[in-house]
Amino acid sequence: MEWWAWMGGFLVFTVTSMGLLARATHTLPLGTAYLVWTGSGAVGTVLVGIFIFGEPATFLRMFFM
């Protein structure tokens with residue numbers, strides 16, 4: 001895949017993610033919204049690594065995720 005496709009995806013998901021975080025802070029405390037935002041980003045990054053880049057899905061990795 002070309003670098004511009006990755007960059008375009010990154011920009012779309014970044015803007016969407018920030019917009020959803022801003023919207024969540026209308027009803028949730030900032031600390032709670034940020035906790036969920038960072039946690040979902042971390043899990044999403046691990047899943048992309050496993051399903052897109054073929055990284056190993058070991059028991060310990062899944063346990064700590």
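Residue numbers run from 1 in the order of the sequence given. Note that the structure is a prediction, hence the values are computed from the model and not measured.
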Please report, to 0.1 Å, the donor-acceptor pairs under 3.5 Å made by any side chain of residues 18-31, with sequence neighbours excluded.
unit_1: T25; atom_1: OG1; unit_2: A22; atom_2: O; d: 2.6
unit_1: H26; atom_1: NE2; unit_2: A22; atom_2: O; d: 3.4

What pairs of donor and acceptor atoms, side-chain ones from residues 1-11 against any protein atom, are under 3.5 angstrom apart with sequence neighbours left out?
none

Each residue besides M65 in its hydrophobic cluster should be listed here, by chain and number; the cluster joins Ile, Leu, Val, Met, Phe, Trp and Tyr at side-chain heavy-atom distances under 4.5 Å. V43, V46, L47, I50, F51, M62

Which residue pairs pass the salt bridge (charged side-chain N to carboxylate O under 4.0 Å, His left out) test when at least one of the two sits in residues 33-43, sequence neighbours left out? none

Selection residues 49-65 - residue pairs positive for side chain to side chain donor-acceptor pair (under 3.5 Å), sequence neighbours left out: E55-R61

Which residues end up grouped with V12 if you chain together Ile, Leu, Val, Met, Phe, Trp and Tyr wherever their side-chain heavy atoms are less than 4.5 Å apart? none

Suppose the criterion is salt bridge (charged side-chain N to carboxylate O under 4.0 Å, His left out): which pairs have a residue in residues 39-53, not counting sequence neighbours? none

Give every residue pair that meets the side chain to side chain donor-acceptor pair (under 3.5 Å) criterion with at least one member in residues 30-46, sequence neighbours excluded. S17-W37

